[in-house]
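Everything on this sheet refers to the single structure shown next.
Model, not experiment: these values are computed from the prediction. Throughout, numbering of the chain's residues begins at 1 and tracks the sequence.
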Amino acid sequence: LLPPTPSKFHYIFNLRDLGRVFEGMCASQPEIFSSPSSLVRLWRNEMQRIFCDRLISVQDHELVSNLIKEQVSNNFADSVDDVMAEPSLFGNYRHCIGRLVEGAEDAALYEDLGDYKNIRKICDEVLENYNVEHKPMTLVLFESALEHLTRLYRIISFPRGHALLVGVGGSGKQSLARLSSYMAGCAVFEITLARGYGENELREDLKLLYQQLASTPTVFLFTDAHVKEDGFLEFINNMLTTGMVPALFEQEEQDAIINQVRKEVKAAGIVETSSNCWHYYVQKARNNMHIVLAMSPSGDALRTRCRNFPGLVSSSVIDWFFPWPKDALTKVADFFLAEDNLPEEHRKAIEDHLVFVHQNVLDVRERFQTALRRFYYVTPKNYLDFISNYRSQVKSSSKNIEKSVKRLKGGLTKLVEAAEAVARMEKDLAEKVVIVTAKTIDVEAMIKNISEKSAIASESQEKAAVKAQHVEEQKDRKSVV
């Protein structure tokens with residue numbers, strides 16, 4: 001029904017998968033699963049976790065779900081509704097908060113956790129505590145993220161539980177891996193790539209990892225970005241299948257490790273031979289080690305690597321990340337836009353538009369792939385960048401608008417001040433016009449008076465001139481006589 005194909009290269013099922021199903025069922029307690037329907041529901045959950053979570057299409061999910069429902073209907077007809085109820089969320093972290101915060105005893109009973117509301121309250125509190133104790137993560141725990149977090153926690157909680165997380169960039173694989181590791185009380189170990197990093201540097205880092213595994217349950221988070229050389233995956237493949245990298249330690253280092261665990265071996269009632277001590281150490285490290293591989297399905301790289309290193313698939317539980325659903329996109333948009341100053345009457349319309357654009361791009365991508373046989377990957381990272389760009393544009397536009405408003409306010413202030421100054425000048429001018437008018441009247445009267453006096457003076461001057469001329473004539477006559 002589900003044969004492996006180039007795009008479904010990991011559709012390989014064997015008895016190891018069936019063993020994982022019963023491993024999950026053996027984690028149940030009679031006081032928790034007291035009815036047949038609850039136990040059948042647990043079986044259905046384990047079948048989904050092992051077989052359904054690796055499926056890459058909705059059609060394949062429906063096929064397997066229908067087969068499970070058919071088996072339940074044929075054998076437990078009275079319990080079909082209870083067994084097939086959604087969501088199916090099983091885990092043993094109901095009381096993990098007390099263990100993480102207060103160091104309280106945690107029975108870690110594997111049980112049905114109920115609906116999303118129940119686990120969201122727990123996971124939100126775990127995330128809050130994680131952000132206090134570690135580098136804060138901006139993580140939105142929508143329903144799909146809660147499902148993946150619960151699945152990953154389930155894998156890590158079992159001894160030698162390893163996970164292969166497959167999803168495009170930005171799906172939240174690494175963030176959920178860190179959060180689930182914190183919930184399970186495991187340390188997280190990662191390699192740090194640098195210039196010239198090769199197999200020798202990887203061996204040194206793995207030595208540090210195995211030293212840590214001797215005492216602490218640890219999640220080794222390894223991403224496709226860490227695959228600087230394909231030879232790195234040979235180490236990972238050996239760790240998954242046998243629990244140890246061949247010839248990792250020198251003989252002196254191996255002897256030192258054997259001497260460290262010799263007391264524990266003796267306390268366990270095992271003969272203290274070198275081989276027994278080394279085997280004890282490897283098994284202890286293997287039980288404490290949980291490898292989480294975060295890979296992208298883009299291109300042919302993952303298919304080629306899984307074909308060359310089959311332990312990546314056969315020794316891990318696969319969780320395939322689907323594109324974010326509409327409710328997830330809406331909650332992410334609401335989370336990131338919550339602090340932005342947007343008009344409340346338009347906020348929901350803006351969020352809906354962001355979701356619509358992203359989903360429309362997904363639809364166009366599928367048509368593009370069907371028409372041209374070319375792949376174009378639209379990732380959650382693109383959506384987050386889309387929101388980030390929108391926020392930056394809003395902030396930039398808001399600043400420009402604020403500058404324009406300030407400039408207009410400054411111009412209006414200047415106009416108001418000019419108007420007030422003109423009003424004061426008009427008032428002063430009106431007062432001075434009255435004074436000038438009065439002065440003008442006085443001046444006109446003065447000019448009239450001066451004109452009159454000037455006329456009299458001119459007349460007197462003319463008379464004086466006539467008399468002067470008469471006197472001169474008289475003088476001339478006397479001189480002649």
Taking only Lys NZ, Arg NE, NH1 and NH2, and the carboxylate oxygens of Asp or Glu, determine whether Glu147 and Arg151 approach each other closer than 4.0 Å. yes

With sequence neighbours excluded, tell me which residues meet salt bridge (Lys or Arg N to Asp or Glu O under 4.0 Å) with Glu344. Arg347

Filter on side chain to side chain donor-acceptor pair (under 3.5 Å), then keep only pairs touching residues 168-180, sequence neighbours left out; what's left? Arg178-Glu190

Not counting sequence neighbours, which residues clear ring-ring contact (aromatic ring centres under 6.0 Å, His included) with His358? List them please. Tyr383

Partners of Lys326 by salt bridge (Lys or Arg N to Asp or Glu O under 4.0 Å), sequence neighbours excluded? none

With Asp115 via salt bridge (Lys or Arg N to Asp or Glu O under 4.0 Å) - residues at least two apart: none

Sort and list the pairs that fulfil salt bridge (Lys or Arg N to Asp or Glu O under 4.0 Å) and have at least one residue in residues 228-240, not counting sequence neighbours. Asp230-Arg305

What pairs meet the ring pair (Phe, Tyr, Trp, His ring centres under 6.0 Å) rule with one or both residues in residues 120-157, with sequence neighbours excluded? Tyr93-Tyr153, Tyr130-His134, Tyr130-Tyr182, His134-Tyr182, Phe142-Trp324, His148-Phe321

Glu102: side-chain contact (heavy atoms from CB on, under 4.5 Å) partners, not counting sequence neighbours: none

Distance-only donor-acceptor hits, side chain of residues 69-76, under 3.5 Å, sequence neighbours excluded:
| residue | atom | partner | partner atom | Å |
| --- | --- | --- | --- | --- |
| Ser73 | OG | Lys69 | O | 2.8 |
| Asn74 | ND2 | Glu70 | O | 3.1 |
| Asn75 | ND2 | Gln71 | O | 2.8 |

For Arg303, give me all partners under salt bridge (Lys or Arg N to Asp or Glu O under 4.0 Å), at least two apart in sequence or on another chain. Asp300

Which residues share a side chain to side chain donor-acceptor pair (under 3.5 Å) with Arg391, sequence neighbours left out: Asp340

Among residues two or more places apart or on two chains, list those pairs meeting side chain to side chain donor-acceptor pair (under 3.5 Å) that have a residue in residues 18-30. Asp17-Arg20

